[in-house]
Structure formats: structure tokens, C-alpha cells
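None of the values given here were measured: they were computed from a predicted structure. The sequence lines fix the lettering, A, B, ..., with proteins before strands; numbering per chain opens at 1.
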Amino acid sequence: MKYLPNILDIKAETTLNLLLARAKKVKTHSIDEYIESGGYKALKKALSMDPKEIIDWVDKSQLRGRGGAGFPTGKKWQFAVQNPPPRYFICNADESEPGTFKDRVLIERDPHLLIEGMIISSYAIGAEKAFIYIRGEYPAGYYILRNAIEEAKSRGFLGNNILGSGYSLDIYVARGGGAYICGEETALIESLEGKRGHPRLKPPFPVQKGLWGCPTVVNNVETICNIPIIVEKGWEEYRYIGPSEYPGPKLFPVSGKVKKPGVYELPMNTTLRELIFKYAGGTLGNKKIKAILSGALDCFSADELDTPMDYSPKGFGGTGTVIVLTEEDNIVELCLKIAEFYEHESCGQCTPCRVGCYEQHNLLKKIIKGDASEKDWEAFVYINKHIQPTSICGLGAVAGRLIRQAMEKFPKEFERYKPTVVKY
Amino acid sequence: MEKVKIKIDGKEFEVEKGKTILQVALENGIKIPYFCYHPRLSIAGACRMCIVYVENYKRLLIACNTRVEEGLEVYTDHPLVKENQAYILQALMTRHPLDCPICDKAGECDLQNHGAIYGPQEQIVPISALEKHRDYTDWESDFLEYYSNRCIVCYRCTRVCDEVIGAKALYVDERGFHSNIVPAVRPIDTSSCEMCGACVYVCPVGAIISKPFKFWTRSWLLKSVTTNCSFCPGGCDIRLEYGVGDWRSKEKVYRVKPTDNINVCARAFFGYDVFNENRLLQPEINGKKCEKDEVVSEIVKILEGSKNVGIVLSPYLPNEVIETVTEIGEKVGASVTSPVADHLFNILDEVGDSDITIEDFKNYENFVIVSKDITSLVPVVSYYLKGNIYRIFGEEGARDEKLNPINIEDGELKNIKGRTLIIVDPLLDYKQISKVIKNVKRKKDFDILVVPRDFNALGLYRILKGKNITPFGTFTKALKEGYFETLIIFGEDICDYIGEEETYELISGIKNLIVSSPFSDGISERAHVKIPMALFGEFEGSAYTFMGYINFERFLPWSFDQKILWEEVAKNITGEKGMTLLEGKEDMEKLPGVHLYRNNWITKRSALLGKLYEKVCSVNA
């Protein structure tokens, strides 16, 4: 490897020592270091187990997808194995949500944890080809994963007849082209097939017809990294990590106006308040918190600091991304940034999102500039409300959500910009 | 077929399982608006206009992608549906230039129609006309034009190009609101684009338009008749649109469109200008226009008074005229031939006649193309080749490359397994083809389809089979020797096979030359008696094409009834001489080359196709 870009130098702290056991150190862990600290033990154990048993364990562990939607991983695998082979396993490393860098930390610092998880998962669902779709903006991660795969191959963890079990697996790494939408699993599959990154119509779901029409499981990096832990500890023990309904470790990338931004590995019964004040060291200059953004999905006000960081309907949910804003920040201008993000990242497949995101951004820009008329304001509210109901994929479903929540929670902020005079 | 019961707007329907809600609604006359759905294309689900409220799931679903299931309760007029359809229309209209008065699509535009019925008649986002600019990529074409700000990004054009035509000439550039339909190679005229015009037809708005049609007339002024094309044996179902465009013009053909089956190629879509230029619409004797009865008596007089009569039949005639003229030939003892009589008839004799139509193509797994370029010969055949494609005698750079064929030798044919269709181009060297055919005949799963170049060549073969047909090579030799006193020539086929100048020289010594041609110039300029020949829409009759046995209708107001004329000639002639067979076995001197845009003597006359031909040839040179 001639050129290796720098890896992300950010604080990673853990109370559980599971996902970040090694990754808390800012360095890329080689295969020797990984094996030394107990790595690839889970793989040996898994290969001695029946694939059905592994799926059963993952199901009983109540592991939920860490990519944002929180779909039970065991259920997804069960659906996939109902369909005939060939099956494919895809790792979704297209992490592009604003303020999210948890997968990046895992990939860059502990690539073998991901690879071990992928081998076990592929073995469980009976896939003989697995793919890692990594974001185009993560060049370091791409080279590190390529290197790690070579290392694993040289030790016999990958390739033909893994550890004499008779099971063979190849892992390929593919780079994305910088589109947020390719993090949506069906768009990712389209992109992997070499097509334009457009979400597919569902049904059929990827577990029925995915990559090249075959049953495919797409899992997030963090989800896959949980698999070796479940296999090694057993599902009963895994269930004791964190709250009983939402077990397992969770990574929380915290950024914005906090003293110690970084990735925190915590159980899911932690509250937002604890995360910000106990772990991230509170806000910069001890200013009052105004709002907390969960990536570009949700907006929480300072009154909601006791929200638990889990997948319950009232929980924080999503990818666990926390962006902290203090009283000096302007919510409306922030909404403009979010609107710009969605305008830029809308793929253009369906009408409500393609036009809606564009007009939403344009109108908000006009409103902030002070050029808007009352009619513009009405149109802005109208469009914001209507992007969601008819759009194809998750992006359209959330394109107006954060801004709508912000308007509900911070009406006074928006009031200032609201045009009162009808301009012609 | 399993049946399920569903309810749409409270009405109960029993329908086949596996159908979509939209299909059921369209079949039963329930109105659901849509833009991106097309019966011939895959489901894109992009426009979201066809949303319906499904009571079972308590949510909005798109009708085009939702399969019916037992007990489904669907509402097309739910308030949520109405509200969101209105939003989608507003979204599409916001940056739409609303230039209907100068848009060619006006009157047949889906956005205009749906906007009038389902949309609120006001603009929600106040935007001035100046803000309606969108990124634009010029297609640099003389034939197609793209207006990005009219485009609603329904992906119909890219889908039709990829899925039906297979040319893959279009793709979507950029993303989000800036999505733009862009040709893969610019100028698009020189790309893999076949200029079939399918993208123009499927475009639900006026985003892609045909330049030759642009600004000439309005769609509602035209009369539209569904008929079949007679430019090649494809016999595609198309719509011929004619009428008076404006106060300056006379009645003429303005455009040709495919039907929803999208069987169309450049020859039909852009070659319609042959209808309008240099036409022979009335019979003439020695340069003087005259009525039908005069011509009939003149022809009868000539035929009864002359010794050696030759008849050159054209494969562009309908079955009825071929039959009548053959009857005339038998009565006066003429030598009858056709330019296709040598190469095509020989191959058909050897292979055996088959009535495989394009519909039957789906029964085959493998296709073997025995041709230089089947796409140039009969484009519509290439649209239906779905399976493993093999090719013998293929040329590099041919249009067939779009099918990704595997090049094989004739010896490798026996390795192909499964139902296989061998598509044979009779314009190849006869010895080459017969070698291939020998290999094929032994296998049970193999069927052979001969694809002639000319429209009703199969009909001509079926009617003349077993009759004393003089080979064309022998006929031209006799012509050269000055054997014929009277010659009846149909069409200009003869020029395709022996060259234009050579033909004029050959016929210069004929005492009585009777020519039936659609055109007033060319070979008919040299004739003593000129009789109009019909293009499609101008004759009544039948023909054998790849779409099956087709009956054509005569509806164009300026058309001359050639069938009646020849029937009257046959009625007035007496005699029972039988056809004269000229002995001899001369080989044909040359076979015509075929090009996608200039296929035969009719399409060669199209100025538009000629322009395309020159453009493509100048790039390839």
C-alpha cells in the first residue's frame, strides 16, 4: 500500500469494552493485535455451530439493526434463509448521515472485528460471496479493509475452506460514488450492480430479491460488529448488556457544541442528558442547550433531555447520532442547512421528493433572506408537509421531518422570519 | 388462473391474481391518473401520481406496483389521494414553463390533461417565468429535441430505449431536481440511437419532440388512423396522422406514431415524408393525366397487341394485386418475374416456408442471427430477441452489437441446446447460407425464419409458388437482348438490384413501358403509361408480415384505387396462353446493401432518412 490517508483522530470512549475494546486507541489494529486480544475466537466457535443455531441466537439476542431503522436482525436473517440460495451478504458502510462517524471509527481502527462479523453472518445465512459497500469519502477505510481482507486470507479466515470447516467465503470491497441515497439498502444494491443509485420499489424486499435477483441481507457495520460478541458470549449473556428490551452495546457519535466530542459506547438505557453531561463533558462554555439533532432525522428540544437512547417510540432512535446546539445557534439557519442537504442528496426518482426538497430549500432561503411573501411561507409549510406521504424511500419520508419538528418546537424562532406583509 | 375478489371505490371485482390495481382499474374503466406507467415497460413507480388509498393497510400505495390480493379495499377518491395528487401536480407544474401554446405536445399531453382534471388551478409556489430555467444539455440532434424544463423525469424514455429498443442511447445525468435526460453520445444522431422515435412517443409531456414535426401543426387538427406499416416485412402497427396543418398547406401526412406496442423504427417514424413529395396520384398516358377507364382500355390495347410481354412484380404489392397481375400474365402469355425471385425464392424453397410471427419469439430460448445486420434489415425483429443471442457472419460495428451477440462459426451450432430460432438474411451469399442450413436441418429443436428485406415478399412467394416464374437473372438477360416489346414494371425494386443507371439503359429500348410507381419521378418518368402504386393507407388488401396476416385499409383521401384498375384490366383481357418461362440460369449480378435508414427504394426517397444516412456515414467514414 503506497498511499494511506490518515484515519479519523477522534476520542472514542467505552464503558462496556465490547465494540470499542480495541478501537478506543487511535490506530489501525493489525490481525496479530486482534488475535492477541481474543479475536477470531468467535469465528471458530461459530463454524462449529449449525448456521440455524447462529440465526436463532441472533434472534434471541434481540439485536436490532444499528443503521437507523432498528429492524430486528435475527428476523431479517430468518426471512432471507427462507429463500433459496445463492444468497448474498452485504455490509452497508455507506455512512453519510450528518454528524455520524461511528462506523468509520470501527472500520478504520478495528477492521477485523467487522470482517469476523461478516464471516459469521455469511456463514449463518449461507452466503458464499459478501460485499462491503463503503462510502466514497472514506478512502482510508477502503484501503484498511482491503488490507485486512488480505491479512485474513493469509491466515485462512477467508477464502476456500475456512479453518477446515468446508465453508468458503470471499469478501469484496466496493466504493460508493458519494451519494447519501446509496445508504438505502435497495439503492445500495442497485449501485453495487453498477446501475444508478435509485431505491427499488418494495415489495420485493432485498431478503426476497436483492443483489442480481437473489436473496440478500444488508446490515450496518455496527450491527455486524455485534455478531462476534453474541456468538462469543452467548445470547443469554448478551441480553444482560443494557436494558432488557434493547440489549447490546450502542455507539453514540457526539458532536456539536460539546467539550469532548467523540464516539461513546454505552448501553441503551443511557439518557440524552447523561450522554451529553456525564460523558461528553457538557456544552462548550457551559451554555444552555437549545436543541439536539439526531443526524438529519429528528430535532429534540432542551426539555427532552431525559429521552432514553433506545429504539422505543419515544426514544432517541436512528443511528444514535447526537449533534448538540446551544442557545447561540440559529435553528432556522440550521434548518436551511438540513434542507440544502436533502436537496443535494435527493436522487430524483420520485416526484414528491425531487421537487419538494428543491422547493423547500429555495423557499427557506428566500424566507431567511427576507424576500418572501406570505404566499411563499404558506407554500413552504405546504411542501414540507407533503414530501413524506407519497415518496418511495426513507429519504423522502424524513426530508421534511426535522424542519417540521423544529417549527413545532421552536415556533418563536420561525416567527421572526415569518413574512407579514404581502409582497408583489 | 386463480381469482381474487377486490373492491375499488366500493364496487366489487373478481380479477386474476397477480394483476396490479392499475391494470384492473384500466380494464374496468376506472380513472387513475399516471405518468410513468406504460403497459410495454417495466414498473418505475417514479411519478407517484397513481396513488390509491388501501383500506386494509390504512395508507397510500401506488396502484401500478401493488398486486391485487383477496379482500383488498381500494379507494381512488379518498381525500388523502386527492390531496397528494394535487400536490404532485403542483410539484410538477412549479417549474414547468407552461408553454402549451407553442408546445407540440399540447392537446395530447398527460400533464395538461391530468392538470385540468386533478390539479388545483393555481400555482402554490410563486415563481416568475424567469425562474423556470433548468439545467440543459443539448442533444445536438437534427431530429430530436429535449426541453429540460418540460421534463417530469418519468424515465419512460430511458426505459423504452433500454428495454424495448435495446439501443441504450439515453441515460439520466445528475441527480435530484437537476436530473436531465442526456444521450450517451452527442450528437445523438451518430450514437447507438436508432432514431426510432419511441422516446418521443412515450414522453407523457413535450420534453422530447421530433424536430421535423415541430411547429408544423397542432395535434388536434390531425386525423389519426391505426394501420400497419408497409416499408418492411415487420408490418408494425402504427398510427398515421394526416390532415390540413394550417392555411398554407394542402392535406398531407404529418407524422407517424407507434401504438402502445411500440413497434416502430426510423423508417416509419421519420420516413413518412415519402407520402408528401413527388407523388404520382393520377394515371398518365404519354404525359397526359387521364381517368381510370381510359388507362384500362389503353393497357388492354397494348397487351393484346404486343408479342413478348414481361412483368416485373414488386414485393411491395398487396396479395390481391399480385394475384390479379399474375392472372393477367397468364392470359397474355407474359414472362413474369420479381427481383426477389432468385435469392429469396431459392432459400425459401430449401428451408421451407414458416409462419412464425414476432409473437412466437417468446417461445424460443436461443436466437442465431445469420446476417450481417438484422437490425438494419428489419429493426422490429431485434426488439423481440430476448434470450441467448448468437451470430454467424456478423460484422463488427453493426447495429446488432446492441444485443451483445456471441459470434460463432456454423460448426458450433450443434452445441446450442434448447429451443432455437435461426434468423436467416437472404441477402447473404447463397452458398454460405446453405452451408448453415444443412447444419441446422438435422436438429429437432431448431426452427428457421427467413427475414426478407421487402414488405410482402412472403406473400409474393406464397402466391407465385409452383408457377412458371422466370428467374430474375434470365429475365434481365432477355431484357438486355431486346426480347421484350412490352414491359410492366411495379415499383422501383429493379433499380435496387441492378442499379439505377443500368435500369434506365435497359428499359430505354422498350416499345411500350407501363410503370406502376408511387412516385412521379425516377423510373416512371420514362414510362408511356404511368399508374399510381399505393403506400400504406392508400390500398385495400392483405399481406403476410411478421405481425401475421394483415388486412390493410384504404383511408387516405388522395389515394388511387390500384386494385380496381388491375381487376378491370384482367376482366377485359381475353386469352389463355399461360405464362412464358424463359430458359436459362444466370446468376444475379449483385444483391442490395441494407442500411437502417435507407433500406429500400421507398425509404431511400425520404429526405429525412437520407439526411440521417449521410450523417451516420460521415461519422463512420
Legend entry - Minimal non-hydrogen separation, B/Ala91 against A/Val355, with atom names: O-CG1, 3.1 Å
Inset, instruction - Would you check if the side chain of B/Arg175 reaches a backbone N or O of A/His344 as a donor-acceptor pair within less than 3.5 Å? - result: yes
Inset, instruction - Give the minimum heavy-atom separation between A/Lys366 and B/Pro126, together with the two atoms involved. - result: NZ-O, 3.8 Å
Legend entry - Distance in Å, A/Arg200 CZ paired with B/Ile43 CD1, rounded so as to fall on 0.5 Å steps: 15.0 Å
Legend entry - A/Arg354 side chain near B/Leu92 side chain, heavy-atom distance below 4.5 Å: yes
Legend entry - Heavy-atom contact with chain A under 4.5 Å, split by part of B/Ile88: both
Inset, instruction - Working to the nearest 0.5 Å, report the span between CG of B/Asn84 and CD1 of A/Ile387. - result: 11.5 Å
Legend entry - Other residues, nucleotides, ligands: >12 heavy atoms within 6.0 Å of A/Lys337 NZ: no
Legend entry - Exceeds 12 heavy-atom contacts within 6.0 angstrom, atom NZ of B/Lys402: yes
Inset, instruction - Check whether A/Lys195 gets within reach of chain B through its side chain, its backbone, both or neither, counting any heavy atom under 4.5 Å. - result: neither
Legend entry - A/Phe71, CZ: over 12 other non-hydrogen atoms inside 6.0 angstrom: yes
Legend entry - Minimum heavy-atom distance A/Pro203-B/Asn65, with the two atoms named: O-ND2, 3.9 Å
Inset, instruction - Enter the distance from A/Cys347:SG to B/Glu174:CD here, rounded to the nearest 0.5 Å. - result: 12.5 Å
Legend entry - Greater than 12 external heavy atoms within 6.0 Å of B/Lys17's NZ: no
Legend entry - Test item: B/Arg48 and A/Ile392 side chains (from C-beta on) under 4.5 Å apart, heavy atoms: yes
Inset, instruction - Report yes or no: do A/His386 and B/Gln90 form a side-chain donor-acceptor pair below 3.5 Å? - result: no
Inset, instruction - Find the distance between CG (B/Leu80) and OG1 (A/Thr390) and round it off to the nearest 0.5 Å. - result: 10.5 Å
Legend entry - Part of A/Ile181 lying under 4.5 Å from any heavy atom of chain B: neither
Inset, instruction - State the OG1-CG distance between B/Thr94 and A/Asn362, to the nearest 0.5 angstrom. - result: 10.5 Å
Inset, instruction - Heavy-atom distances under 4.5 Å only: say whether B/Ile62 touches chain A with side chain, backbone, both or neither. - result: side chain
Legend entry - Backbone of A/Pro352 reached by a side-chain donor or acceptor of B/Tyr87 within 3.5 Å: yes
Inset, instruction - Considering only heavy atoms and a distance below 4.5 Å, find which of A/Glu343, A/His198, A/Glu378 pairs most often with chain B. - result: A/His198
Inset, instruction - Go through the steps to decide whether A/Gln349 and B/Tyr155 satisfy the test side-chain hydrogen bond (donor to acceptor under 3.5 Å, both in side chains), and finish with yes or no. - result: CA-CA 9 Å; A/Gln349 188 182 10; B/Tyr155 303 92; over 6 Å; no
Inset, instruction - Could you please spell out the steps behind the side chain to side chain contact (heavy atoms under 4.5 Å, CB included) verdict for B/Tyr171 and A/Arg196? - result: CA-CA 9 Å; B/Tyr171 75 101; A/Arg196 197 176 156 80; 6.0 Å; no
Inset, instruction - Count the heavy atoms belonging to other residues, nucleotides or ligands that lie under 6.0 Å from NZ of A/Lys385, then report whether that count exceeds 12. - result: no
Legend entry - Full working for side chain to side chain contact (heavy atoms under 4.5 Å, CB included) between B/Met49 and A/Thr351: CA-CA 9 Å; B/Met49 193 62 193; A/Thr351 313; over 6 Å; no
Legend entry - Gap between atom CZ of B/Phe177 and atom SG of A/Cys357 - 0.5 Å precision: 11.5 Å
